[in-house]
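No hydrogens, no waters, no symmetry mates; every other heavy atom, side chains included, goes into these values. The model shown is predicted, which means the values in this text are computed figures rather than measured ones. Count residues from 1 along the sequence.
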Amino acid sequence: MKTNMIISNDSRMVTRMAVIARRTGSELMAGAKAVLVEALKDKMRNGIAHFVFQKKDGSYREAWGTTNRSLAEKYINGNGVTREAYATTAYFDVEAGGWRSFRWENLVMVY
């Protein structure tokens, strides 16, 4: 039995859900992860967020990151393609002092 889940009419959310569903094979997982990604992005826009994601090698990474312009402005050059085009989310890692990214389906937890 196939169920359709509508969480948002936001095209970015719908795109995230489609990508995650394709990568994980689960529409339920896609909905949950898309909401989690959106919650994290909101936290990072407003300050420093604490979160966990799974890395390519299978290990887990606990991170503190931000996309808040006032906190990361000197590290923003405005050149390049948004990470959204690669179905990932970029963040400024405040511990490492550099930009990092993770795949949407690999986000595990947002504190």
Side-chain angles (χ1 to χ4, degrees):
M1 178 169 128
K2 185 176 179 178
T3 60
N4 290 325
M5 183 184 314
I6 301 293
I7 293 178
S8 170
N9 287 331
D10 181 350
S11 64
R12 292 171 302 206
M13 179 78 82
V14 172
T15 299
R16 281 190 200 106
M17 288 175 61
V19 168
I20 296 167
R22 187 176 64 247
R23 288 179 175 174
T24 65
S26 170
E27 287 183 12
L28 183 61
M29 179 70 67
K33 294 284 185 168
V35 168
L36 197 58
V37 168
E38 193 58 37
L40 174 60
K41 289 176 77 76
D42 188 51
K43 283 186 172 200
M44 289 194 299
R45 274 190 293 270
N46 294 307
I48 297 172
H50 182 198
F51 57 100
V52 175
F53 64 92
Q54 188 173 17
K55 293 170 45 175
K56 259 186 184 177
D57 67 6
S59 65
Y60 291 91
R61 168 86 160 85
E62 186 174 12
W64 284 263
T66 188
T67 57
N68 183 289
R69 188 168 196 86
S70 65
L71 296 173
E73 188 164 25
K74 70 179 181 179
Y75 302 101
I76 298 172
N77 65 19
N79 299 327
V81 178
T82 175
R83 297 305 302 168
E84 297 283 318
Y86 299 100
T88 63
T89 292
Y91 67 96
F92 182 76
D93 186 319
V94 296
E95 291 183 311
W99 289 94
R100 306 288 185 266
S101 64
F102 62 88
R103 290 170 59 125
W104 294 330
E105 69 275 14
N106 292 345
L107 184 59
V108 175
M109 184 180 298
V110 177
Y111 295 96

Q: Run through Tyr60, Tyr91, Trp64 and flag the one making a ring-ring contact (aromatic ring centres under 6.0 Å, His included) with Phe51.
A: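 Among the candidates, only Tyr91 passes.
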Q: What's the spacing between Thr88 OG1 and Arg100 CZ if we round to 0.5 Å?
A: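 Answer for the OG1-CZ pair, Thr88 versus Arg100, is 13.5 Å.
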Q: Which atoms form the tightest heavy-atom contact between Asn68 and Gly47, and what is the distance?
A: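 For Asn68 versus Gly47, the nearest heavy atoms are ND2-N, 3.9 Å.
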Q: Let me confirm one number: the CE-CG distance from Met44 to Leu71, rounded to the nearest 0.5 Å.
A: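 Reported to 0.5 Å precision, the distance equals 12.0 Å.
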Q: Quick check against the 3.5 Å criterion: does Ser101 have a side-chain atom that pairs as donor or acceptor with the backbone of Thr89?
A: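 Here the side-chain-to-backbone pair does not exist.
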Q: For the CG atom of Leu28 and the CE atom of Met17, what is their distance to the nearest 0.5 Å?
A: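 It comes to 9.5 Å.
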Q: Is there a donor-acceptor pair closer than 3.5 Å between any side-chain N or O of Asp93 and the backbone N or O of Trp99?
A: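 Here the side-chain-to-backbone pair does not exist.
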Q: Exactly one of Arg22, Arg23, Lys33 should register a salt bridge (Lys or Arg N to Asp or Glu O under 4.0 Å) with Glu105. Which one does?
A: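 Option passing the salt bridge (Lys or Arg N to Asp or Glu O under 4.0 Å) with Glu105: Arg23.
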Q: If you round to the nearest 0.5 Å, how far is CD1 of Ile20 from OG1 of Thr15?
A: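 Rounded to the nearest 0.5 Å, the OG1-CD1 separation comes to 10.5 Å.
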Q: For residues Ala87 and Val19, report the shortest heavy-atom separation together with the two atoms involved.
A: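 Result for this residue pair: CB-CG1, 3.5 Å.
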Q: Please answer whether the main-chain N or O of Lys55 pairs with a side-chain N or O of Ser59 as donor and acceptor at a distance below 3.5 Å.
A: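 Such a contact is absent between Ser59 side chain and Lys55 backbone.
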Q: At their closest point, which heavy atom of Gly58 faces which heavy atom of Gln54, and how far apart are they?
A: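 What the structure gives for the nearest pair is O-NE2, 3.2 Å.
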Q: Looking only at non-hydrogen atoms, find the nearest pair between Met109 and Leu36 and report the distance.
A: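 That would be N-CD2, 4.2 Å.
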Q: Please determine whether side chain to side chain contact (heavy atoms under 4.5 Å, CB included) holds for the pair Glu62 and His50, giving the CA-CA distance in whole Å, both sets of side-chain angles, and the decisive distance to 0.1 Å.
A: CA-CA 7 Å; Glu62 186 174 12; His50 182 198; 2.5 Å; yes
Q: Quick one: closest heavy-atom pair of Leu107 and Val52, and the distance?
A: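 Closest approach of Leu107 to Val52, heavy atoms only: CD1-O, 3.5 Å.
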Q: Does Lys41 reach the side chain of Arg12, with side-chain heavy atoms less than 4.5 Å apart?
A: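 SC-SC contact between Lys41 and Arg12 ruled out.
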Q: Where the side chain of Lys43 meets the backbone of Tyr111, is there a donor-acceptor pair that is under 3.5 Å apart?
A: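 Flag set: sc Lys43 to bb Tyr111 pair under 3.5 Å.
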Q: For the pair Phe53 and Phe102, name the ring-plane relationship: parallel under 30°, tilted 30 to 60°, perpendicular over 60°.
A: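 Answer is parallel, since the angle falls under 30°.
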